[in-house]
Amino acid sequence: MNLGALFSSTDMASTLIPETILLFGIIAMIIVPNLGNATFRLPIPGKAWRIPYFVGGKRFSFTSDPRLPSAIAAFTLFASFITALLSQMGEIGVADSCIAMRDGVARAGPEWCSGGSVILEVNAFSRLMEMIFTAALLLAVIANWDRLPATPHHRIPLKTQRDEVVENRRLHRLLNNRRQVDFALLVLMVALGMSTVALSANLFMLFVGLELASMASYVLVAFNKETKVGPEAGVKYFIVGSVASAIGLYGMSMLYIWNGDLSIASLHSAWTTGPNGMAIIGLGMMLVAFGFKVSAVPFHFAAPDAYSGASGPVAGVLSTASKAMGFVALMRVLIGITLVDDGSEWTLLIGVIAAITMTWGNIAALGSHNPKRMLAYSSVAHAGYILAGIAAIGALGPGEGSELIATAIIFHLAVLVTFKLGAFLVIALLECEGRGHELEHYHGLARRDPLIAISMMVFMFALAGVPPLSGFLSKLMMVSGIISSTVGDVSGSSLSDAMGSMSWVFWLAILIFINSAISLFYYLRICVVMFYDDTDRHLRLSRAPMIRIAIMLCTMGAVVLGFGVLADVLASAAHDAAMALFG
Amino acid sequence: MEITEFITLLGNPLTVLTLLPITGALLLMLVHWLGNDERREMLANPIRYTNLGIALLMFVLATLIGLEEKFGMAWGEYLYQNCEVGAVSTGSCTLISSIGVSWHVGIDALSYPMVWLTTLLIPITMIVEWDAKKGAYFHSLILMMEGALIGVFVSLDLFVFYVFWELTLIPMFFLILMWGGEDRRYAAQKFFIYTFAASVFMLAGILVMYFNNDASWVGNITGKSFDFVLMDTSTNFIATEGLRSVVFLLMLIGFATKMPSVPVHTWLPDAHVQAPTAGSMLLAGVMLKMGAYGFLRLGVTLFPDQVIEFQTLLIVLGMISLVYGAIVCLGQMNLKRMVAYSSVSHMGLIFLGVATLQPLGIAGAIFMMFAHGIISPLLFAVCGSFKHHYHTLEIDSMRGLAHHSPWMSAHMMVGWMGSLGLPLMAGFVAEVAILIAFYMAFGWWVLLPAVTLIVTATYYLWSMQRTIFEGSGEAQLPPTMHGDEPRDITWHENTGMLILGVLAVVYGIYPDFFGMFEMMSDWATLLVENAIFPPEVNP
């Protein structure tokens with residue numbers, strides 16, 4: 001497939017509108033900040049005719065403006081989000097379509113969805129996941145709008161006093177926007193990689209997208225290179241991540257040897273006839289790679305370091321969009337390929353991993369006093385809840401119950417963007433004044449800035465699953481899906497008979513409840529120190545209006561998606577996506 | 001204007017009772033928070049009066065509902081419902097239709113007394129702690145609490161029920177955390193985590209019920225509904241006996257913790273001792289009743305067979321709570337802690353009353369909820385004013401209270417007498433009803449709870465003798481006074497306590513005041529006749 005085919009065929013263009021926008025965004029991000037008054041002098045003696053060619057020279061004031069990269073990135077991500085939404089609503093482009101390789105030519109259109117060789121698949125599931133990814137990245141970009149310093153050794157002076165001298169110095173330091181360009185470019189690449197993962201119907205495409213997103217996110221983690229923890233976090237994340245990817249690639253190659261085709265549909269039909277040992281080993285190796293992405297125990301060790309070393313918005317992206325990407329890959333493989341009617345092979349394995357992951361995450365979070373590490377471990381625990389849902393799907397096989405659980409998982413991944421990312425953005429706001437990595441820095445936040453403290457409280461309660469916030473609804477849907485899969489076959493007239501006949505998956509649901517109760521302890525600790533403890537720092541928090549806007553968006557999302565019409569709309573969309581996932 | 005017209009003026013009265021306090025409180029807090037310090041100073045008092053006004057309006061509304069229905073609520077018939085039972089999740093009552101959540105409210109003879117009690121107690125708590133620090137927030141939180149509590153009592157959709165159930169925790173958490181005693185941080189966290197952890201088990205039970213509640217005609221994702229009335233009227237709701245037992249036990253964990261019953265009572269003394277006066281009054285007056293209410297509404301109404309199956313368990317839990325609470329009270333040095341443990345003891349009686357499976361016993365249990373909801377706030381108000389004026393809660397540090405604070409002593413005596421079950425006081429009616437039913441059901445085993453009531457009398461009379469009367473000639477003031485001249489209670493404390501004290505006596509002499517006892521016994525009779533021992537159906 002050459003690049004020309006992408007734009008020559010209208011089918012192709014209308015299928016991939018959001019991705020095309022991302023691609024153009026990346027190109028614009030490379031070109032626009034470099035535009036300047038460069039000229040080329042014609043080699044005619046005695047004449048000083050100069051022809052401007054714009055790339056290079058002294059840059060124009062708007063191309064060196066520090067807000068330009070963020071604006072381009074935000075606009076691109078927003079356009080991508082909106083077009084994905086509109087195309088799913090059927091307003092523009094096509095709602096359900098595929099791109100398949102036939103006879104060495106890439107062809108697009110709904111008619112190519114059957115018949116094999118499908119590489120990209122556009123349906124409700126992939127579009128909804130794309131929207132989740134772009135929304136999370138958009139919030140991260142907005143949060144970075146006015147806080148990324150131009151050079152590593154400068155901190156932006158805080159806007160605590162409205163002093164003109166300070167203000168000018170601040171602007172001066174921001175004049176060079178090279179660093180912001182790097183950041184925004186990497187974010188857009190993450191977005192493109194994640195979109196590819198969401199669309200892919202072929203393990204090879206999935207791997208390419210996964211690596212594109214991962215490589216960019218390794219750099220993003222290490223982006224705070226002026227700090228001590230930043231590079232360490234990046235290197236650690238990179239080494240562990242690349243080992244995991246290599247193992248996953250090895251597993252994929254085993255599946256290729258076994259089947260001779262990496263498309264998910266083909267692998268699925270082969271799997272239903274019975275996998276051999278090599279295929280099962282390949283699957284296990286892929287689970288390692290995806291387990292690292294979703295930070296499941298025992299592949300979670302890099303996560304707390306990476307989260308605490310990265311800046312707040314980046315850590316927020318890691319724990320929402322990046323994790324959602326891991327789960328998309330996991331669901332594509334486990335549900336798309338290996339799900340069989342009566343109990344898949346991996347059910348018990350995933351169930352055990354889920355139980356260990358949620359318990360370990362919560363207990364480790366209890367002991368962490370760095371809020372970022374705490375949130376990282378809570379993110380591990382949340383991965384455990386979702387894995388429990390996947391285990392229940394495995395025990396249940398395809399059917400209505402599984403669709404309900406998948407709905408819950410997708411819904412959870414969507415609302416996680418509001419409250420998990422929101423919590424990291426509050427940390428980002430504290431990072432503006434160089435703090436935020438100790439529990440003491442949150443003391444008395446309610447007095448310093450009540451609105452931010454209340455937002456943080458909303459995020460904490462939503463993470464713990466306190467009603468009526470969206471975290472409660474998503475957890476409730478998850479557990480109700482798991483319970484629905486087990487109550488059907490309970491028999492016996494006495495209590496002990498009933499307990500005996502209950503599937504082990506039911507106890508997974510109870511374990512989720514117990515873990516929620518444990519997790520409440522450390523979420524509540526943040527609320528308590530914000531409202532109860534006194535602080536020695538009575539200044540208002542830094543102004544940073546864009547972070548505040550992002551935090552307010554997250555707060556509103558965490559509230560309105562838990563109760564009422566919007567929750568209903570999102571749940572229906574997640575249900576459509578789950579139906580599409582099961583095909 | 002007819003009462004009916006007035007009630008329905010604002011829409012469904014129950015919706016108003018639930019949502020108006022919550023939105024009002026949030027708006028008032030927002031108004032107070034916006035603007036500078038000067039404006040806040042200026043707004044503090046108007047906001048307090050607005051809070052009190054809304055609370056009084058709610059009381060009037062609740063009373064009007066009772067008057068309109070001539071206090072003739074029944075069992076199994078929910079008045080003022082806002083939607084048809086079959087039409088759940090559609091029309092005006094839809095909330096999250098894709099998973100079958102509806103805004104469905106209704107009131108019957110079990111919930112009406114609780115709603116009325118809540119609306120009565122809220123203004124009283126506000127008056128009693130009228131001069132609280134940061135009153136704008138304090139009273140707004142109490143008002144928010146009112147909406148959440150009424151929401152628990154009137155919602156007929158289990159999702160909404162659970163949401164309100166947990167929503168009550170948040171204002172109470174902040175009341176304890178911001179206005180509590182020295183150890184408030186620990187108490188607030190323990191209170192929140194303990195009750196939250198217990199109620200997630202209840203949620204597990206609710207979810208199992210949900211998946212057995214078929215509502216496929218709604219056409220949502222799951223094809224199920226959280227509607228309670230639908231469960232109640234469904235003929236084959238959870239057919240498997242074993243599963244019913246599992247659900248019943250899961251729910252029992254949640255309700256027993258909230259009530260609280262031994263062995264899951266340990267959050268209560270800490271929360272009570274550290275909470276501000278108004279917080280303790282609400283905690284004892286209404287929040288403990290949520291557990292008992294939920295048990296009667298969900299446990300007994302939906303799973304009558306399981307009540308029979310686990311009758312022994314209920315009696316054992318009730319007896320242990322009763323005896324343990326009373327014995328612990330004997331050894332308490334802290335006034336508030338003693339009253340808190342007496343609540344544990346009295347809540348044990350509710351389990352006993354339900355376990356008799358007699359109409360009289362269940363009616364007595366409901367009346368116990370009501371009577372305890374009047375008397376224990378009075379006791380906590382007295383404790384609060386004692387702490388306020390004498391800066392201590394130690395029983396032993398004080399002698400001859402009657403000498404210095406005659407009003408406080410009088411209220412203390414009324415409260416203690418009511419609580420220990422003096423005839424012609426509200427507590428007596430409930431205790432006698434439960435004990436008679438216990439005798440009818442189990443014969444002379446009634447001596448066990450009856451003897452324990454003597455212990456109750458002992459600890460009350462003993463501490464009364466020590467604090468109020470002993471050494472009246474040369475009164476001994478606690479060292480925390482630092483030689484200050486003691487004062488009697490303030491007028492606003494006195495007003496609140498007087499209302500409660502008068503009600504405690506009125507309900508002791510005439511339990512049917514406002515039709516309360518008759519309503520409860522009708523409910524209990526119909527429950528026993530229709531649900532617990534249903535008439536044989538001829539095939």
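Chain naming here is simple, since letters A, B, ... match the order of the sequence lines and numbering starts at 1 in each.
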CG/A:Leu524 to NZ/B:Lys190 distance, rounded to the nearest 0.5 angstrom?
14.5 Å
Honestly, the part of A:Leu451 sitting under 4.5 Å from a heavy atom of chain B is both
Nearest 0.5 Å, please: how far is CE in A:Met477 from CG in B:Leu207?
11.5 Å
Closest-packed option against chain B by number of heavy-atom pairs under 4.5 Å, given A:Gly481, A:Ala509, A:Pro450:
A:Pro450
Residue, of B:Leu177, B:Leu167, B:Ile206, B:Val160, that accumulates the most heavy atom pairs under 4.5 Å with chain A:
B:Leu177
For B:Phe159 and A:Phe472, take the angle between the two ring planes, folded into 0 to 90°, and tell me which bin it lands in: parallel under 30, tilted 30 to 60, perpendicular over 60.
tilted
Where on B:Tyr194 is there a heavy atom nearer than 4.5 Å to chain A: the side chain, the backbone, both, or neither?
neither
How many angstroms lie between CZ in B:Phe174 and CE in A:Met457, if you round to the nearest 0.5 Å?
4.0 Å
On a heavy-atom basis, which atom in A:Ala517 and which in B:Ile193 lie closest, and how many Å separate them?
O-CG2, 4.1 Å
Just checking B:Phe201 against A:Phe513, ring centres under 6.0 Å apart?
no
Is any side-chain heavy atom of A:Ile512 less than 4.5 Å from a side-chain heavy atom of B:Val200?
no
Does the side chain of A:Leu404 reach to within under 4.5 Å of the side chain of B:Phe211, using non-hydrogen atoms?
yes
Taking every non-hydrogen pair under 4.5 Å, which of A:Val569, A:Leu476, A:Ile514 racks up the most with chain B?
A:Leu476
Say you draw a straight line from CZ of A:Phe531 to CZ of B:Arg185; how long is it, rounded to the nearest 0.5 Å?
13.5 Å
Just checking A:Glu400: does its CD atom have more than 12 heavy atoms from other residues, nucleotides or ligands closer to it than 6.0 angstrom?
no
Can you say whether A:Val479 sits under 4.5 Å from chain B via the side chain, the backbone, both, or neither, judging by heavy atoms?
both
Give a yes or no on whether A:Met552 atom CE has more than 12 heavy-atom contacts from other residues, nucleotides or ligands under 6.0 Å away.
yes
Hey, are the side chains of B:Gln189 and A:Tyr532 touching, using non-hydrogen atoms and a 4.5 Å cut-off?
no
Least distance between heavy atoms, B:Ala204 atom then A:Ile510 atom
CB-CD1, 4.1 Å
What part of B:Trp165 gets closer than 4.5 Å to chain A, counting heavy atoms only: side chain, backbone, both or neither?
neither
Ring-ring centroid check A:Phe521 B:Phe192, cutoff 6.0 Å
no
What part of A:Ala578 gets within 4.5 angstrom of chain B, counting heavy atoms only: side chain, backbone, both, or neither?
neither
Less than 4.5 Å to any heavy atom of chain B: does that hold for the side chain of A:Ile518, its backbone, both, or neither?
neither
What I'd like to find out is whether the side chain of B:Leu169 reaches to under 4.5 Å of the side chain of A:Phe461, using heavy atoms alone.
no
Could you give the distance from CE (B:Met29) to CD1 (A:Ile454), rounded to the nearest 0.5 Å?
8.0 Å
